[in-house]
Amino acid sequence: MVRVEAHQPPQRTPDGHFVVIGGRKWRATDPLIPEEVAARLRRHLMSARRGVRSATTAGDAQAERAARARVDQAKVALGERGTPWWDQPEDERRRRWEQGLARLDAEAQS
């Protein structure tokens, strides 16, 4: 396992579309997302991942499905899944993260 230091950003591919972690390519977060919004989306992502771990440990399949759906919502909003952000016009990219954050915020309130 390769550890990435918090103060060192991961290596990026020359086109900036992917980060390389542990020799694997992963789609990079949409660089157009304002940092405050990206940070909120990452908090939702980490919370959802903790939810997956808790549900898996508890053997709760329904909670695991719900948590995995939240992980997917956060990753789509960040541009890491779904239509590649570099193939979307700016207004579509903005709509993607604004709607994703609104849904995640609303779910967190309920």
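- Gly100 and Ala77 get closest at one heavy-atom pair: CA-CB, 3.9 Å.
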### Query
salt bridge (charged side-chain N to carboxylate O under 4.0 Å, His left out) between Glu35 and Arg42: does it pass, once the steps are laid out?
CA-CA 10 Å; Glu35 183 49 39; Arg42 284 190 298 271; 2.5 Å; yes

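- Taking the side chain as every heavy atom from C-beta outward, Lys25 and Val19 never approach each other to under 4.5 Å.
- At a threshold of 4.5 Å between non-hydrogen side-chain atoms, the residues Arg96 and Gln88 count as touching.
- The CZ atom of Arg40 sits 12.0 Å away from atom CG of Leu78, with the distance rounded to the nearest 0.5 Å.
- Taking 4.5 Å as the limit, some side-chain heavy atom of Asp91 sits within range of a side-chain heavy atom of Arg95.
- Connection of Val52 to Met46 is established within a shared hydrophobic cluster, with ILVMFWY side chains joined at heavy-atom distances below 4.5 Å, either directly or through further cluster members.
- Leu104 and Val76 are assigned to two separate hydrophobic clusters, defined by single-linkage of ILVMFWY side chains at heavy-atom distances under 4.5 Å.
- Sorted by first then second residue, the side-chain hydrogen bond (donor to acceptor under 3.5 Å, both in side chains) pairs that include residues 50-65, not counting sequence neighbours, are Glu64-Arg68.
- Side chains of Arg12 and Val20 form no contact here, defined as non-hydrogen atoms less than 4.5 Å apart.
- Of the possible donor and acceptor atoms, one in the side chain of Arg27 sits under 3.5 Å from a partner among the backbone N and O of Gly82.
- For the pairing with Leu32, the side-chain contact (heavy atoms from CB on, under 4.5 Å) check across Trp86, Trp85, Trp97 returns one residue only, Trp97.
- None of His44, Glu107, Arg81 except one satisfies the side-chain hydrogen bond (donor to acceptor under 3.5 Å, both in side chains) rule with Gln73; the exception is Glu107.
- In this structure a side-chain-to-backbone donor-acceptor pair under 3.5 Å is missing from Arg70 to Leu45.
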### Query
Does the pair Arg93 and Ile33 meet the rule for a side chain to side chain contact (heavy atoms under 4.5 Å, CB included), with working shown?
CA-CA 8 Å; Arg93 290 164 71 179; Ile33 301 174; over 6 Å; no

